[in-house]
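The structure under discussion appears below in the form of structure tokens.
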Protein chains: 2
Amino acid sequence: MTEPESAAVDLEIIVQGAQEGKKQELRLWLRMLSTTKLVSQEIRRRLRNEFGATLPQFDLMAQLYRERDGLRLGELSKRTMVTNGNVTGLVERLETDGLVLRVTPDGDRRVTVAKLTAKGETIFGAMAVAHEGWLRDMMADVDPAIVSELWQDIGAVKSSVSNHLSGGDFD
Amino acid sequence: MTEPESAAVDLEIIVQGAQEGKKQELRLWLRMLSTTKLVSQEIRRRLRNEFGATLPQFDLMAQLYRERDGLRLGELSKRTMVTNGNVTGLVERLETDGLVLRVTPDGDRRVTVAKLTAKGETIFGAMAVAHEGWLRDMMADVDPAIVSELWQDIGAVKSSVSNHLSGGDFD
DNA sequence: GGCCGACATTTGAAATGTCAAAGGTTTACG
DNA sequence: CGTAAACCTTTGACATTTCAAATGTCGGCC
């Protein structure tokens with residue numbers, strides 16, 4: 001095989017004495033991480049096979065799809081949670097493929113705004129539909145009530161984490 | 001600022017009409033993904049600042065720490081969910097730093113076994129303690145009962161996903 | 001012995017990722 | 001006006017990531 005596979009044994013193996021009421025957070029984190037990796041790998045594989053696209057490209061286009069007027073690169077960086085320097089190259093490649101356009105507005109020449117081309121909108125539309133279907137498929141065995149509950153509770157985790165970042169990221 | 005930050009507005013912005021009972025899975029996925037990225041970035045930052053290590057290196061060492069006799073690179077690949085080719089370079093760098101040792105067993109020269117050096121064990125020990133503390137801190141605001149419930153329910157998600165992979169990953 | 005299929009790791013090309021430093025632009029203030 | 005501070009993006013050095021193809025080794029089988 002050429003890639004990491006199913007794994008009855010995986011990341012979670014790090015936790016050993018997690019049973020005794022300690023390290024619950026570590027245990028949860030490892031499970032979140034391995035699950036996320038699993039789903040990401042699957043989506044990446046399908047994006048590649050069916051659309052010849054990469055996951056970061058998909059993420060970036062998703063943001064532009066919702067903002068037809070385009071977004072500044074810094075805004076894109078925040079929304080995709082990708083560093084500034086990374087956005088530069090990402091947009092560059094998408095521009096080469098004719099999916100994205102870069103414009104410098106008249107008012108402020110420090111800024112670069114990226115927006116989807118017509119071609120980009122068409123292609124992303126198809127990818128988005130497929131993407132949503134893949135997720136529904138993958139989570140098909142999970143009770144919808146649980147899905148909803150998870151969304152809530154993970155929200156609580158996200159919120160807690162946001163309030164305890166070292167980088168002084170409050171508000 | 002030089003990196004993506006807190007983000008009241010982030011990945012989840014992709015979902016628009018998720019309210020109407022459709023796309024719950026997509027909504028959940030985006031929240032899982034953004035939360036995982038958030039935690040990963042924080043851990044990465046702290047590993048870097050306090051230990052000069054990277055997250056993949058930490059993950060790899062974590063596996064070796066539990067198997068004092070060492071692991072074959074393929075086994076490491078599965079457990080860390082990192083591709084084979086990737087493990088090669090990862091171990092290479094750790095060996096350069098004197099944290100990991102590579103050995104070819106007498107019986108089978110196809111195989112390479114990696115194990116922690118004494119130095120590696122010492123350093124990883126310190127990192128593991130800190131790492132666990134960081135997670136407890138980050139999740140401090142989450143009710144322990146919820147933590148436990150999340151662990152269960154995310155297990156259900158992971159299991160469902162495992163059963164719906166395109167790569168024919170059954171067993 | 002010699003070959004073929006299975007196994008294990010490495011290599012190579014391209015993309016993504018981080019961080020820090022450098023480059024232009026704009027704004028504000030003396 | 002002129003310069004310093006603030007802002008936005010790009011660049012450069014490295015590490016990580018994936019995939020596919022190559023390399024090396026072992027096993028069994030004629």
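The figures here come from the full heavy-atom set of this structure, side chains too, leaving out hydrogens, waters and symmetry mates. Every chain is numbered from 1, with letters handed out A, B, ... down the list of sequences.
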> Taking the side chain as C-beta and beyond, is there a heavy-atom pair between A/Val103 and A/Thr112 under 4.5 Å?
Replying inline: no

> Between A/Thr83 and C/dT18, is there a side-chain N or O to OP1/OP2 distance below 4.0 Å?
Replying inline: yes

> Which letters describe nucleotides 23-29 of chain D, given B = protein heavy atom under 4.0 Å from base, S = only from sugar-phosphate, - = neither?
Replying inline: -BBS---

>> With a 4.0 Å limit, can you tell me whether B/Thr88 has a side-chain N or O closer than that to the phosphate oxygens OP1/OP2 of C/dT9?
In response: no

> Just to confirm, is there a sub-4.0 Å distance from OP1 or OP2 of C/dT18 to any side-chain nitrogen or oxygen of B/Gln41?
Replying inline: yes

> Mind checking what makes side-chain hydrogen bond (donor to acceptor under 3.5 Å, both in side chains) contact with A/Glu95, not counting sequence neighbours?
Replying inline: A/Arg102

> Residues in side-chain hydrogen bond (donor to acceptor under 3.5 Å, both in side chains) with B/Asp108, at least two apart?
Replying inline: B/Arg110

>> Does D/dT17 have its OP1 or OP2 closer than 4.0 Å to a side-chain nitrogen or oxygen of B/Asn86?
In response: yes

> side-chain hydrogen bond (donor to acceptor under 3.5 Å, both in side chains) with B/Arg72: which residues, sequence neighbours excluded?
Replying inline: none

> Base, sugar-phosphate alone, or nothing: which one does B/Gly74 contact when heavy atoms must sit under 4.0 Å apart?
Replying inline: sugar-phosphate

Indicate every side-chain donor-acceptor pair of residues 135-146 of chain A with a distance under 3.5 Å to a residue at least two apart or in another chain.
from	atom 1	to	atom 2	distance (Å)
A/Arg136	NH1	A/Glu132	OE2	2.8
A/Arg136	NH2	A/Glu132	OE2	3.3
A/Asp141	OD1	B/His164	NE2	3.1
A/Asp141	OD2	B/His164	NE2	3.2
A/Asp143	OD1	A/Ala145	N	2.7

>> At less than 4.0 Å, is any side-chain N or O atom of A/Arg48 found next to OP1 or OP2 of D/dC19? Yes or no.
In response: no

> What is the nucleic acid contact for A/Leu55, judged by heavy atoms within less than 4.0 Å: base, sugar-phosphate only, or nothing?
Replying inline: nothing

>> The criterion is side-chain hydrogen bond (donor to acceptor under 3.5 Å, both in side chains); which residues satisfy it with A/Thr54, sequence neighbours excluded?
In response: A/Gln57

